[in-house]
Peer 1: 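Let me give you the structure first, and then I'll get to my questions.
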Amino acid sequence: MSAPGPLSGRASREIIALLERERLMTLACNRADGWPQATTVGYVNQGLDLYFKIARDSQKFANLKADPRASAAIRLSGPDCGDGVGLSMAGEVVEVTDPAVVESLERAVVERFPGVDVHCPSGRPAALMHFRPMIVSTVGVAKGCSDPETFVLASVGPKVVPALPGGPPPTRAPIPGLIDHGVERGQGLKRLVALASGGPGDERAMAFAARLAVQWDARVDVVPVYSSSAADMIALGMTLGASLSQTAVGELAAAERELQHRIDAVARTAAKDAGAMFGDGDDVPRLSVLTRGLRPALAMSRHSALADLMVVAHDSSKDSAMHRHLGEALLAYGAPVLVTRGDPRRLTGPAAIAWDGSPQAGRAVRAALPLLAMASALHILQCVTGLDMQAHDPDADRLNLYLKLHGIDGGDVILVEGENEGAALLAAAEAREAGLFVAGAWGHSRVRETVFGGATRTFLQREEGPSLLLAH
């Protein structure tokens, strides 16, 4: 038997389809006396993650609290399942305690299985449990034959053990839904820079950054880019020959401290939710918030030089400071940028590449390789009215060959038309429920884009849609 391999996008899609079709699984866990216990429970899935309810006073709950290791088996049912048997999974089970997540999953259970009560132990206090698979073995699922095939989703590691004061940092358990696909972890994302303004978009940007940090054992440096009102007002006063009162300077400084504290709190929460460490230190995955000591442009210039990816929150206002920082990161510093929208879990769904063969699109694809490896499906989009066949080679077969060399399944090629190239490409991506859209930024001359508008502008003006990975 060959060694287990990483889960490919095609196999992932077929396994998820099976999980969504079925609703019962056999769950096996370890009793305190060493004997195994197997019972049937109902579940609801989100991708490859399984959620189920058990009574708090049950033997299963006591077993899983003592030892979270478990195995699950799901068998195909129905007359049209052919020779397929199903799949088995090995992983860990943890209790879901976040009230918002519990409420969301409760709704998902009711919507998916209306009137079915197998998920809720009647009349007894219940716990919502999360089964996060690490190894999946399929039989007649991924390749249409009865031979089993085993895939590795995440490295099996120790449980999280809180560190004692002054002791070593805690070890880390695998995080749910994070899959090792093709791209080696040592070759993936290792240092990310997240820009934080102290505004409402910080929460989303840091949630994305923290999740990627855990996926790739990476470090995230959060760079505050809010304007320094105190420094600006003092400089203005010096220019005009006036001075600010000590009270005014103190109030401005206090407002800045409040912004810094707000950024710290958001980053700390994002790290905790994703399972990363927070603060100064060398161990990864980690989020660390830098102190605003430099002008934003200078701080971005210094920190982008050795960043695999910059992460920003989407802001459709072209006059906003974050929009200006995005342009600086792409054009002045040559950094690839992830513009975050929606839920970071969508990064493990379908992805789309706007491919025209330009150097900008090529740089975007190279920067996006770790994210493309996480995608469940890949679509290559080409707007035939926007291709420059003389300046570039938009051959999608060459792109697919490049992706396969990096262990990533190739994508299907979709041709679109439209006077607004950006709108046509985005519509095709959204029609395929893409959570990530990879594109070159400002590939045409700035004069042409100023006069006629450009695809990049269209990508950035949309309020909703997939997250954008852009490179210039």
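In this chain, residues are counted from 1 in sequence order.
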Peer 1: Does a side-chain heavy-atom distance below 4.5 Å link Glu328 with Ser301?
Peer 2: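 Answer no - side chains too far apart.
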
Peer 1: Could you go step by step and tell me if Asn400 and Trp355 meet the side chain to side chain contact (heavy atoms under 4.5 Å, CB included) rule?
Peer 2: CA-CA 11 Å; Asn400 269 329; Trp355 181 246; over 6 Å; no

Peer 1: Checking Glu430 against Phe437 for the side chain to side chain contact (heavy atoms under 4.5 Å, CB included) test, could you report, in this order, the C-alpha distance in whole Å, the side-chain angles of both residues, the deciding distance, and whether it holds?
Peer 2: CA-CA 9 Å; Glu430 292 173 349; Phe437 184 84; over 6 Å; no

Peer 1: Is there side-chain contact between Asp283 and Met277, with at least one heavy-atom pair below 4.5 Å?
Peer 2: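 Heavy-atom side-chain distance check passes, below 4.5 Å.
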
Peer 1: Check whether the side chains of His406 and Arg366 place a donor and an acceptor atom closer than 3.5 Å, and report yes or no.
Peer 2: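 Short answer, no.
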
Peer 1: Is a side-chain donor or acceptor of Asp393 paired with a backbone partner of Gly357 at a separation under 3.5 angstrom?
Peer 2: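 No, the answer is negative, given that no donor and acceptor are paired below the 3.5 Å cut-off.
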
Peer 1: Measure the CG-CD distance between Leu415 and Gln382 for me, rounded to the nearest 0.5 Å.
Peer 2: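 Here the rounded value is 6.0 Å.
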
Peer 1: Quick check against the 3.5 Å criterion: does Arg432 have a side-chain atom that pairs as donor or acceptor with the backbone of Ala428?
Peer 2: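 Judged by distance alone, yes, a pair lies under 3.5 Å.
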
Peer 1: Using side-chain hydrogen bond (donor to acceptor under 3.5 Å, both in side chains) as the criterion, list what pairs up with Ser288, not counting sequence neighbours.
Peer 2: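 Ser288 satisfies side-chain hydrogen bond (donor to acceptor under 3.5 Å, both in side chains) with Asp280 only.
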
Peer 1: Under the side chain to side chain contact (heavy atoms under 4.5 Å, CB included) criterion, do Leu48 and Ile16 qualify, and how do the steps go?
Peer 2: CA-CA 6 Å; Leu48 294 167; Ile16 291 172; 3.8 Å; yes

Peer 1: In Å, rounded to the nearest 0.5 Å, how long is the span from CD of Glu20 to CD1 of Ile15?
Peer 2: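 The CD1 atom of Ile15 is 12.5 Å from CD of Glu20, to the nearest 0.5 Å.
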
Peer 1: Does any donor atom in the side chain of Gln260 or Tyr226 lie under 3.5 Å from an acceptor atom in the other side chain?
Peer 2: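 Per modelled atom types, Gln260 and Tyr226 side chains form a pair under 3.5 Å.
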
Peer 1: Determine whether more than 12 heavy atoms belonging to other residues, nucleotides or ligands lie under 6.0 Å from atom CZ of Arg345.
Peer 2: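 No.
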
Peer 1: Looking at Leu50, is its backbone amide N or carbonyl O close enough to the side chain of Asn45 to form a donor-acceptor pair, meaning the two atoms are under 3.5 Å apart?
Peer 2: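 Not at all, since once roles are kept as given, no pair shorter than 3.5 Å links the two residues.
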
Peer 1: Work out which heavy atom in Ala274 is nearest to a heavy atom in Val214; give both atom names and the distance.
Peer 2: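 Closest pair (atom of Ala274, atom of Val214, distance): O-CG2, 3.3 Å.
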
Peer 1: Is a side-chain N or O of Tyr333 found less than 3.5 angstrom from the main chain of Ala297, in a donor-acceptor match?
Peer 2: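 A pair under 3.5 Å: yes.
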
